[in-house]
Each structure stands twice: as structure tokens, then as C-alpha cells.
Amino acid sequence: MANPDPEFQSMEVLPMALLATIMTKLDIPSICSVASTCKTFKACASHIVSFLPTFHLLDIAPSFDLLRPLLPPNPYLHSLKVDCNRLDDSAIDSLLRPSLHELCLYNCSDFSGRLLSEVGARCKDLRSLHLSSVAEKRGRSIHVSDLEELLSGCTELEVSGRAGFLPSVSSIWLQFFEATRCKNGV
């Protein structure tokens, strides 16, 4: 039965397609805020996150329980940027998609080197990759095989540097080995 209050009726008569079109113009934090206001907006938000081409959530570090419903299967997702301060290896399945061209994961200290190998295995069309603080917490490690799987799987990566310097894959290897040696006290 329809709600007799005219204020509520106005929301119920708006076409869902119109609401979805409006909501696609919002960023992810705004979509989450709007979705928390009423059932109609929540249903619309749940639908549109399955076809958004970008998902950028850097203002907060979501827990896995918050992130999982925000990242349903989405074959149109090309750019993903997330603050991973509250995430670990258990979030890998929710984060990585074959459709991604750009992946930026910040504060990945609770992830192990498995993140690198899984990116290589699942994100073959990736062109841009930024991972910060991977395996910085004690007990986490990155193995050479993780980096090998990343580099062999993501053949479309565009390597760029500062001031026009374009490092080669061999210089990336060298930087990795030097960082590993310093980290291990060698």
C-alpha cells in the first residue's frame, strides 16, 4: 500500500532510471550517504554499483564487511582506487577484476606478496598499477615469484617515472632486489 504522506509519495513515483542516472554522477562516498537515507535510494545504489566504470574510495579506509557489498560483480569497472588500511589478503577476491585498467591500492601493509601474484593472474589488461606499503607489517613477505607473476601476467602495464624517466623492467627488478636486501639486512 502506498504511503499517504505526499512527501514520501514523490520519491516512490520517480522512475528508478532517473534516480540511477542522478546517482551515477556522484562519487562513492556520496552514493553511500544517499543510500543510507531510504530504501528506494539503497535499492538504487545497490543496482548502480554493478555498472559504474570507476570506484574511488580514498576518504575512508573501509573494512572488508563494508567493502564487499559495494563491489558486486561489475564487468564495466575499469578504475579502482581504495585505501586498504583495514584490509588484508582476504579482500583480494573482492578487489581484483579482469576488467580493470587502473588499480590504486593505498596502505596495503596487511597484504602479503600474494597480492602481487593475484594481480598478475586476474588483471591481465591492467595498464596502471599503484600499490603502497605492501607487506610492511611484520610477518608479511614478498617473494620473487610474486613479482614474476605480476610482471608476466600484466603485460599491458605502462611503466612511467618522474621527470620523463621511463624505467625498464630490469630496473624495476633491481629496485625490488635492493629493497628486499635492505629489508632483510643483507
Checking the side chain of [X] only, and the main-chain atoms of [Y] only, is there a donor and an acceptor separated by less than 3.5 Å?
| X | Y | value |
| --- | --- | --- |
| Ser50 | Pro72 | no |
| Lys124 | Gly120 | yes |
| Asp110 | Asp89 | no |
| Ser46 | Lys42 | yes |

Minimum-distance pair of heavy atoms, taken over all atoms of [X] and [Y]:
| X | Y | result |
| --- | --- | --- |
| Thr54 | Ile28 | O-CD1, 4.5 Å |
| Ser33 | Thr37 | O-CG2, 3.5 Å |
| Leu115 | Val134 | CD2-CG2, 4.3 Å |
| Ala43 | Met16 | CB-CE, 4.4 Å |

- Sorted by first residue and then second, give each side-chain hydrogen bond (donor to acceptor under 3.5 Å, both in side chains) pair with at least one member in residues 55-64; sequence neighbours left out.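 Every pair satisfying side-chain hydrogen bond (donor to acceptor under 3.5 Å, both in side chains) with a residue in residues 55-64: His56-Ser79.
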- Message: Could you tell me if the side chain of Pro62 sits less than 4.5 Å from the side chain of Leu57, heavy atoms only?
- Response: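 Result yes, sub-4.5 Å side-chain heavy-atom pair found.
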- Check whether Val49 and Val34 end up in the same hydrophobic cluster, where Ile, Leu, Val, Met, Phe, Trp and Tyr are linked by side-chain heavy atoms less than 4.5 Å apart.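 Val49 clusters together with Val34.
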- Item | Heavy atoms from other residues, nucleotides or ligands near OH of Tyr76 exceed 12 (cutoff 6.0 Å) |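 Count not over threshold, so no.
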- Hey, is Arg122 close enough to Asp93 for a salt bridge, meaning N to O under 4.0 Å? yes
- Results of salt bridge (Lys or Arg N to Asp or Glu O under 4.0 Å) for Arg68 - residues two or more places apart only: Asp65
